[in-house]
A.B. asks: 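Can you keep this structure in mind? I'll have questions shortly.
The analysis underlying the following values was restricted to heavy atoms, covering all of them including side chains, and did not include hydrogens, waters or symmetry mates. Predicted model only: the values in this text are computed from it and were never measured.
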Amino acid sequence: MRPLLLQSLLACLLAPGAALAQTTVTALLDGQPSLLGWNQGYQSGAGSHIATLSDSELEYLSADYALAIDLFSDGLIRLYDNSGSGSMAGATLSLDFAGLGAAITGIALQDISQLGGGTVSATLLSPSSVSISFGALSFTSDAFPSFELQLSLAPVPEPASIALLATGLAGLVGLAALRRRQGGQA
């Protein structure tokens, strides 16, 4: 009886934070599927631009390894200058998140403290995709500098969590009634 209640409560509590967990991401660089994803061992080939979001893995490298892209389940996107040059040529990165638990409502610059110059802009393309454009970036360091953007997600509807909790509680009441009936027949 207690495990069912605990499972219901955990499902309700964990649902809001899991909007991006295990999401499949399709990434295009300048409109081309040229990125190398971690699911394919950063090797070129069909589907190498598609990866599963993982907080513990760097999702993408550009074909020349100069750009690294890291995505997080809380909506943080971090782009690294992986070249060691302290600069990055302009490009446009498009990210499409399949199977989201909540709609993307916006994208904003989060941390640009390592940028020395250049431009970065971000655009919401749809409730599941964004575009990040950057031009002639220079950084204040050559040691793998980065900049960050943050996705905003629509809140997970509370009624669904309440319905899940109510279903679990109804199951517990039914189980208790069944046990009482079985106890009375013995």
A.B. asks: My understanding is that only one of D96, L100, L71 makes a side-chain contact (heavy atoms from CB on, under 4.5 Å) with T23; could you say which?
C.D. replies: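 Only match with T23 under side-chain contact (heavy atoms from CB on, under 4.5 Å): L100.
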
A.B. asks: Would L76 and Q110 count as a side chain to side chain contact (heavy atoms under 4.5 Å, CB included) here? Give the steps.
C.D. replies: CA-CA 8 Å; L76 184 71; Q110 179 74 18; 4.1 Å; yes

A.B. asks: Indicate the atoms forming the closest heavy-atom contact of G37 with A51, along with that distance.
C.D. replies: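 Answer, listing the atom of G37 first, then A51: CA-CB, 4.4 Å.
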
A.B. asks: Supply the atom-to-atom distance E57 CD to W38 CH2, rounded to the nearest 0.5 angstrom.
C.D. replies: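 Here the rounded value is 5.0 Å.
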
A.B. asks: If you measure from CG on L61 to CG on N82, what distance do you get to the nearest 0.5 Å?
C.D. replies: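 L61 CG to N82 CG: 6.0 Å, rounded to 0.5 Å.
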
A.B. asks: To the nearest 0.5 Å, tell me how far I69 CD1 sits from L58 CG.
C.D. replies: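 Rounded to the nearest 0.5 Å, the CD1-CG separation comes out at 8.5 Å.
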
A.B. asks: Is the backbone of S141 close enough, under 3.5 Å, to the side chain of Q114 for a donor and an acceptor to pair up by distance?
C.D. replies: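 No; zero donor-acceptor contacts below 3.5 Å.
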
A.B. asks: Looking at every heavy atom in both L53 and S73, which two are closest together, and how far apart are they?
C.D. replies: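 For L53 versus S73, the nearest heavy atoms are CD2-N, 3.5 Å.
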
A.B. asks: For the backbone of R180 and the side chain of Q182, can you confirm whether one donor and one acceptor N or O come within less than 3.5 Å of each other?
C.D. replies: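 Not at all, since once roles are kept as given, no pair shorter than 3.5 Å links the two residues.
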
A.B. asks: Looking only at non-hydrogen atoms, find the nearest pair between I107 and I77 and report the distance.
C.D. replies: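 I107 and I77 have their closest heavy atoms at CD1-CD1, 4.1 Å.
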
A.B. asks: Kindly say whether M88 contributes a backbone atom to a donor-acceptor pair with the side chain of D81 at under 3.5 angstrom?
C.D. replies: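 No, because the side chain of D81 does not come within donor-acceptor range (under 3.5 Å) of the backbone of M88.
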
A.B. asks: Could you give the side-chain donor-acceptor pairs of residues 143-154 under 3.5 Å, partners two or more places apart or in another chain?
C.D. replies:
residue : atom : partner : partner atom : Å
E148    : OE2  : R78     : NE           : 2.7
E148    : OE2  : R78     : NH2          : 2.7
Q150    : NE2  : D74     : O            : 2.8

A.B. asks: Indicate yes or no: at least one non-hydrogen side-chain atom of I104 is less than 4.5 angstrom from one of V130.
C.D. replies: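 Of all side-chain heavy-atom pairs linking V130 with I104, at least one is under 4.5 Å.
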
A.B. asks: Measure from the side-chain N and O atoms of D30 to the backbone N and O of Q32, and report whether any donor-acceptor pair falls under 3.5 Å.
C.D. replies: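 Pair absent, no side-chain N/O of D30 close to backbone of Q32.
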
A.B. asks: Check the pair L67, L79 against side chain to side chain contact (heavy atoms under 4.5 Å, CB included), reporting the backbone distance first and the verdict last.
C.D. replies: CA-CA 7 Å; L67 172 64; L79 283 76; 4.1 Å; yes

A.B. asks: For L95 and T26, what are the C-alpha separation, side-chain angles and deciding distance, and is it a side chain to side chain contact (heavy atoms under 4.5 Å, CB included)?
C.D. replies: CA-CA 6 Å; L95 300 170; T26 302; over 6 Å; no

A.B. asks: Whether the side chain of S126 engages the backbone of S128 through a donor-acceptor N/O pair (distance < 3.5 Å, no angle test) should be reported.
C.D. replies: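 Yes; judged by distance alone, with no hydrogens or angles, the pair exists.
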
A.B. asks: Passes side chain to side chain contact (heavy atoms under 4.5 Å, CB included), V120 versus L137? Steps please.
C.D. replies: CA-CA 8 Å; V120 178; L137 299 180; 3.8 Å; yes

A.B. asks: Could you grab the distance from atom CZ of F97 to atom OG of S129, nearest 0.5 Å is fine?
C.D. replies: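 Going from the CZ atom of F97 to the OG atom of S129 covers 9.0 Å.
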
A.B. asks: Can any side-chain N or O of T24 pair as donor or acceptor with the backbone N or O of T52 at less than 3.5 Å?
C.D. replies: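 A pair under 3.5 Å: no.
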
A.B. asks: Quick one: does Y42's side chain have a donor or acceptor within less than 3.5 Å of a partner on L35's backbone?
C.D. replies: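 Between the backbone of L35 and the side chain of Y42 there is no qualifying donor-acceptor contact (under 3.5 Å).
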
A.B. asks: On a heavy-atom basis, which atom in T92 and which in S133 lie closest, and how many Å separate them?
C.D. replies: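 Closest heavy-atom pair between T92 and S133: OG1-OG, 3.1 Å.
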
A.B. asks: Using every non-hydrogen atom in the two residues, find where L28 and H49 come nearest and quote the distance to one decimal.
C.D. replies: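 Here L28 and H49 meet closest at CD2-CD2, 3.9 Å.
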
A.B. asks: Using 0.5 Å steps for rounding, measure from the OH atom of Y80 to the CG atom of D70.
C.D. replies: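 Going from OH on Y80 over to CG on D70, the span is 5.0 Å.
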
A.B. asks: Looking at every non-hydrogen atom in both residues, tell me the closest pair between L29 and S62 and how far apart they are.
C.D. replies: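 It is CD2-CB, 4.2 Å.
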
A.B. asks: What distance separates Y60 OH from S34 OG, expressed to the nearest 0.5 Å?
C.D. replies: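 One gets 11.5 Å once the value is rounded to the nearest 0.5 Å.
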
A.B. asks: Sub-3.5 Å donor-acceptor pair from the side chain of Q40 to the main-chain atoms of G47, do we have one?
C.D. replies: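 Yes; at least one donor-acceptor contact below 3.5 Å.
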
